[in-house]
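First up is the structure itself, then whatever we jot down about it.
What you are looking at is a predicted structure, and each value in this text was computed from that prediction instead of being measured. Each ligand, and each atom within it, is numbered from 1 in the order the structure gives.
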Amino acid sequence: MIDVLLGLQWGDEGKGKIVDYLAGQYEVIARFQGGPNAGHTLYIGGDKVVLHTIPSGIFHTHCLNLIGNGVVIDPVTLQKEIEKILPLCPDLTQRLFLSQKAHLILPTHRALDAASEAAKGADKIGSTLKGIGPAYMDKTGRNGLRVGDILSPNFREKYDKLTRKHLQMLKQYDTVAIDWQQWEPAFFEAVEMMRTLTIVNAEYWLDDLLKKGKKILAEGAQGSMLDVDFGTYPFVTSSNTIAAGVCSGLGVAPSWIGDVYGITKAYCTRVGGGPFPTELNDETGEAIRAAGHEFGATTGRPRRCGWIDLVALKYAIMLSGVTKLIMTKTDVMDSFAPMKAATEYLVNGVATKELPYDLCDVAVTPVYTEFEGWSNAPLSNCKTFDELPATFKDYCSFIEEYLGTRISHISNGTGRDQLIVI
Ligand code: GDP
Ligand code: IMO
Ligand code: MG
């Protein structure tokens, strides 16, 4: 079977930490979408590691790690990442596999991303500027270069052809010139390195492992509310972040899918532009940012913070068929009283529990349910379910009932073992 783990909010829910924990139970971890816009944080021993492209199972010596066809790979980021973690993970290249159908991010994709964002002015998406949007546009526009192409004797020709196309496109933006040529030497050096990695016909590779009964975990990037179809469009990323993305992003049939783990923080964050109904533009929001160290793992930007949004969470759970809910960063809320959770939206004065189509254009006022909080009993020291304070358990029970989904794990710290299994 292939189980799935994905973020239910706007990303950064703690996927890296949880995959690293769950990897003990799986033989393969596979990324199925996104690219170096992702930043998944793990603590290995005392070392903090941020992974952008490599799956978060890489530190388990029994685990094979696949970068699937649905991912877009920036060779330079991949090379840097490998070089950085190699000392912690000497057998890395023996356990890292690349799908030959994953698309490549070229230097000119990054230039196009920067130019397109600059041209949008105040309406900019707040992209990580890693070239994600332009690379996926070339994929669906049927122009893209894939990992398999780097093995072709014509690779340079194909590269030059696509780059010429991008230069034409760049002409339409009258923004400051972007010196993308400076990125080319590192790109070709990284492509050279990629040729030494194990490139596989990943859908057959996975099928074989599935038929042998191996346990596989698909690791999502970003979050459900950044899904290109169902997120807060156009303030989204360019891939399907929901469970459906697993089938197209890895080439596995839906019948192989088992459990779907959905991760939510005990509150909510978003980085970049776009609607965020429960955002707190006040001292409480700032206090959450400080307590949760809410700064982007990829860009370092401050994350916007607010209360947990059960309307959006219920939508995300519906879209992916989440079977197990994981709540992270519960310890961050240790000193917040009262706590709030949005259970309804008022759109033009009308109450609804559905996510409005035009969330980007209408004023949405969340309706909140209040909770006492657990400021008298910090969670960070709890090791078992029984030790958790009753006020926190009440908060969880309310959420489980509202969402119709059971919480399977509670995370109360950054470490691999700071996790309570229910
Ligand atoms: P991802 O993109 O979903 O993997 O999440 P990020 O790594 O971008 O952001 C999550 C941040 O929260 C990281 O800095 C983690 O180390 C941290 N984190 C994860 N779980 C917990 C938790 O339960 N408590 C606290 N305090 N921090 C956590
Ligand atoms: P992980 O996997 C949080 C956001 C960006 C921007 C929008 C589009 O670490 O949870 P893009 O670079 O895709 O063009 O950006 O999506 N975004 C993320 N926000 N976590 C991420 O990944 C994100 N990846 C992209 O901030 O608003
Ligand atoms: Mg992240």
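With atom 9 (O) of ligand 1 as the reference point, the heavy atom nearest to it among Glu294, His409, Arg303 is part of Arg303.
Residue-ligand proximity: Gly11 is placed with every non-hydrogen atom at 4.0 Å or more from ligand 1. Using a non-hydrogen distance threshold of 4.0 Å, Arg270 does not register as a contact of ligand 2. Using a non-hydrogen distance threshold of 4.0 Å, Gly7 does not register as a contact of ligand 1. The shortest heavy-atom distance from Gly223 to ligand 2 is not under 4.0 Å.
Ligand 1 has a nitrogen or oxygen under 3.5 angstrom from a nitrogen or oxygen of Lys15. At least one N or O atom of Asp331, backbone or side chain, sits closer than 3.5 Å to an N or O atom of ligand 1. In terms of N/O distances under 3.5 Å, ligand 1 is approached by Gly14. Between Lys17 and ligand 1, not a single N/O pair is under 3.5 Å apart.
In this structure, Tyr395 has its ring center under 6.0 Å from that of Trp374. In this structure, Tyr267 has its ring center at least 6.0 angstrom away from the ring center of Phe336.
Atoms of ligand 1 lying under 4.0 Å from at least one heavy atom of Val332, given by number and element, are 26 (N). Atoms of ligand 1 lying under 4.0 Å from at least one heavy atom of Gly39, given by number and element, are 1 (P), 2 (O), 4 (O), 6 (P), 7 (O), 8 (O).
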| field | Derivation of the side-chain hydrogen bond (donor to acceptor under 3.5 Å, both in side chains) call for Thr264 and Gln9 | value | CA-CA 6 Å; Thr264 173; Gln9 297 170 310; 3.0 Å; yes
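Residues satisfying the side-chain hydrogen bond (donor to acceptor under 3.5 Å, both in side chains) test with Asp229, not counting sequence neighbours, are Asn240. Remark: Thr405 engages Ile317, Val322, Leu325, Leu403 in a side chain to side chain contact (heavy atoms under 4.5 Å, CB included) (not counting sequence neighbours).
By the criterion of a separation under 2.8 Å, the protein N/O/S atoms near the Mg ion (ligand 3) amount to Asp12 OD1, Gly39 O.
Applying the side-chain hydrogen bond (donor to acceptor under 3.5 Å, both in side chains) definition to pairs two or more places apart or across chains, those involving residues 33-45 are Gln33-Gln222, Gln33-Ser239, Asn37-Gln222, Asn37-Thr237, His40-Glu219.
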